[in-house]
Amino acid sequence: MAEPKPRIGVYICHCGVNISATVDVEQVTAFAAGLPGVAVARDYLYMCSDPGQVLIRQNIEAHDLNRVVVASCSPRMHEPTFRGAAEQAGLNPYLVNMANIREQCAWVHADRKAGTEKAEALVASAVAKAALLEPLEAREVEVTPGAVVIGGGLAGMVAALNIADAGFPVTLVEQSDHLGGRVADLNRTYPTLESAAELLEPLIEQVRSHPNVTVLLNSRVTSVEGYVGNFQVAVQNDHQSQISDRQAGSIIVATGYDVFDSRRKPEYGYGQYPNVVTTLEMEQRLTEGDLAVDGRTPHNIAFIKCVGSRDAQVGNPYCSRVCCMVTAKQAYLVKERLPEAKVTVFYMDVRTFGKGGEEFYDEVREKGVLYRRGNVSEIVRRGDRVALIAEDTLLGRPIEVEADLVVLAVGMESRTDADAISGLLKLPRSADGFFLELHPKLRPVDTAVDGVFLAGCCQGPKDIPDTVAQAKAAASSALILLLRGTVLAESATAVVEEELCAGCGMCVEVCPYGAPALHPLWNVSRVNAVLCKGCGACAVTCPSKAIRLQHFTEEQVLAQIDALVEV
Amino acid sequence: MSENTFEPKIVAFLCNWCTYTGADLAGTSRIQYPPNVRIIRLMCSGSVDSTYVLKPLLDGADGVLIGGCHPGDCHYQSGNYKARRRIVALKETLKRAGFDEDRVWLRWISASEGGRFAETVTEMTEAMRAKGPNPMREKWAV
């Protein structure tokens, strides 16, 4: 190569006393100055500070440096900082290398002599690699201006509308034959008691009539290819054979939840006794205005909370977050309809959080609903009625309460088809089965897959306001990509030296992203840099060593090994 | 390092996403371990070439540690499985060629397992110390 000889600047950081307490920084600097290719070696109190960066920038110009090594903290911490500094001085950012002498040396060793020796070895290794570094281009790829939203429930509709309102085309894919999801099965919402239909129907109408939204009912996603900014989503209609292909810059997953199947708690007799129903069935009864069991108006009504939630025995240790308020709401509506009826709620804890929640709970009790703290262990038949056998944990004694109607406040579970979605998109799931957000606090709608976002209960149980908030968050995250119009791609990709390639295709087989492909005419492999994530699997597999992973080439790694073993 | 007691030299190849980050966590948690390990950062354990393992051993390093994500957790989906296969085969080859294959360790250490990283290094340093110097130190110059 006609490349100029390496002129490396080495910068050793004291990090206050974080590094210099264990590592003799002056000694390491003197050592670095003697390494091959090093033009200048300096130490400074805080390399990442402004004066530290200015030192590097001025040195690049003054000493005509073409490589920079910074020995300081982990590259996971400040690599972007020093790359930026180099770039400002006109040096390609990929010509910067770091030696981690803080996290992986000074902070884990107490012995100054051993720490200093190790720091020297790490600096020598970083310098050896730096000499062989090549400039790489920061690459941007264009983003397909549009999104696919999977799931036509509340979360999916809100997310789709937000993206559509920003002016981008959205495809909304819904498995069933209608929009609205589970909210369509509800009667009234808590704590305001407004009708769910009044809330949902205008929304459905907006989605249907929006010029930017394409609704695909009776449809499911069968494959997802591509990467952030450029996904190809295949959608299959249940009644048609052809598959429609959708291009999308981002994808929002809003697939919702499954309702806990009460038959998994056989002690409650659900499915056996006509008197035992779930909160969802109760919603329907309330909508129809018919609470009768076998034609008889109930006088004693009992609610049991936490059915399928906070229950390790059924595998759901988590709280479903909505059942306390659903129960309070239904108890209230029952009392409104049947003021003479006795309504009892069995609970472990009452969690009526959220705006207006606690106030509503007070109102429900004022209306005469009785809350009894205790777990119902069994429901048995008593003629036309049933009896709840429980322990009142406040009184500390067993009780038996007869009821004409028992309502089980069923929890939420991850959907049985979550596995399929997870497989299509490579979405990780948390221990509870719901899709895993990238960070529990700071990135609640992002996922491990760039460009794929979560909205609604597919990420975990939540109520309507939280679902809407998350849907809007997911839409705005998806819109960041669409509005920016480009996305940064990995620069340290694999490249093929075609002269050496025998066309065996092993790289094609090992790549999880489909980046290498054999040229049909020349029968040599070529790596599509846009698809390549830079893992290096192909480079190791290639029997002819025709592929190298840029920025982590074999030459560079072997040079690092040599330096480490020698020092 | 003192002249009369043998201090093993261990080269470690750690994947960027799990074990390298775990080693950083050992640092931020100030968990102490022997200074005998020298780390090379790679993007994925699946990109550890057999040459990367052989070269230090032939150069006279006393042990090689490869650290990757736990099965199922690979940032690149399956790189750690590729590493596992490659290292199993390599160790078999080493054994047949008369090398001590237990100088090569493959361990799964996640980004949250700083303690486990420190323990692994401690354990490996002791194991290599017990073995004594890599005989290749004397016999080869590569």
Side-chain angles (χ1 to χ4, degrees), chain A residues 18 22 73-77 97-100 102-111 113-119 121-122 124-126 129 426 428 448 490 492 494 510-513 533-542 545 549 551-552 554 556-558 560-567, chain B residues 1-2 7 9-16 20-21 23-53 55-62 64 72-79 82-83 86 114 117-118 121 137 142:
Chain A
N18 278 296
T22 315
C73 50
S74 172
R76 298 181 59 86
M77 181 92 191
N97 197 21
M98 288 185 75
N100 186 341
R102 191 180 73 174
E103 281 86 343
Q104 296 181 1
C105 186
W107 276 352
V108 287
H109 309 314
D111 184 81
K113 186 164 175 286
T116 305
E117 269 178 34
K118 180 172 169 179
L122 294 175
S125 162
K129 177 172 176 176
K426 316 264 182 261
E490 176 63 56
V510 296
C511 180
Y513 307 103
K533 302 276 180 205
C535 73
C538 56
V540 193
T541 307
C542 178
K545 301 275 173 212
L549 176 63
H551 211 61
F552 294 91
E554 185 174 11
Q556 290 164 1
V557 176
L558 293 181
Q560 279 183 283
I561 294 171
D562 271 344
L564 281 185
V565 180
E566 268 168 34
V567 175
Chain B
M1 293 176 208
S2 135
E7 285 297 338
K9 201 176 263 188
I10 297 167
V11 175
F13 298 96
L14 308 185
C15 85
N16 178 60
Y20 191 90
T21 312
D24 275 354
L25 181 63
T28 46
S29 318
R30 310 297 201 278
I31 306 172
Q32 304 291 303
Y33 56 83
N36 305 57
V37 67
R38 277 97 205 264
I39 294 167
I40 292 178
R41 178 169 76 122
L42 296 175
M43 293 312 279
C44 179
S45 59
S47 72
V48 175
D49 198 296
S50 301
T51 320
Y52 300 175
V53 182
K55 172 83 168 155
L57 291 177
L58 293 174
D59 280 353
D62 302 292
V64 173
D73 287 353
C74 177
H75 185 78
Y76 304 104
Q77 300 179 17
S78 55
K82 289 167 184 145
R86 184 168 298 115
F117 176 76
V121 172
R137 274 192 191 195
V142 179

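Order of the sequence lines sets the chain letters (A, B, ...), proteins ahead of strands, with each chain counted from 1. Heavy atoms only: backbone and side chains are in, while hydrogens, waters and symmetry mates are out.
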- Query: Between A:Leu549, A:Thr541, A:Asn100, which shows the greatest number of heavy-atom pairs under 4.5 Å with chain B?
  - Reply: A:Asn100
- Message: At a heavy-atom distance under 4.5 Å, which candidate from A:Ala537, A:Pro512, A:Gly536 has the highest pair count against chain B?
- Response: A:Pro512
- Where the side chain of B:Gln32 meets the backbone of A:Trp107, is there a donor-acceptor pair that is under 3.5 Å apart? yes
- Message: If you compare all heavy atoms of B:Tyr52 against all heavy atoms of A:Phe552, which two are closest, and at what distance to 0.1 Å?
- Response: OH-O, 4.2 Å
- Query: What closest approach, in Å, do B:Pro35 and A:Lys118 show between heavy atoms, and which atom pair accounts for it?
  - Reply: O-CD, 3.5 Å
- Relative to chain A, which segment of B:Tyr20 carries a heavy atom at a distance below 4.5 Å: side chain, backbone, both, or neither? both
- By a 4.5 Å heavy-atom criterion (distance strictly below it), what part of B:Val37 contacts chain A: side chain, backbone, both, or neither? both
- Task: For the residue pair A:His109 and B:Tyr33, establish whether any side-chain heavy-atom pair is separated by less than 4.5 Å.
- Result: yes
Can you tell me how far apart [atom1] ([X]) and [atom2] ([Y]) are? Round to the nearest 0.5 Å.
X        : Y        : atom1 : atom2 : result
A:Gln560 : B:Ile39  : CD    : CD1   : 11.5 Å
B:Arg41  : A:Arg76  : CZ    : CZ    : 7.5 Å
B:Asn16  : A:Cys535 : CG    : SG    : 12.5 Å
A:Leu564 : B:Asp59  : CG    : CG    : 10.5 Å
B:Lys55  : A:Asp562 : NZ    : CG    : 4.0 Å
B:Ser47  : A:Glu554 : OG    : CD    : 11.0 Å

- Message: Only pairs of heavy atoms separated by less than 4.5 Å count here; which of B:Val121, B:Val11, B:Leu25, B:Thr21 has the most with chain A?
- Response: B:Thr21
- Task: Under 4.5 Å, counting heavy-atom pairs only, tell me which of B:Ala61, B:Pro56, B:Ser29, B:Ala26 racks up the most with chain A.
- Result: B:Pro56
- Task: Would you sort out whether B:Thr28 and A:Met77 count as a side-chain contact (heavy atoms from CB on, under 4.5 Å), showing the intermediate values?
- Result: CA-CA 12 Å; B:Thr28 46; A:Met77 181 92 191; over 6 Å; no
- Kindly write out the residues that satisfy side chain to side chain donor-acceptor pair (under 3.5 Å) with B:Ser78, not counting sequence neighbours, or none if the list is empty. B:Lys82
- Query: With a 4.5 angstrom heavy-atom cut-off, which part of A:Ile561 approaches chain B: side chain, backbone, both or neither?
  - Reply: both
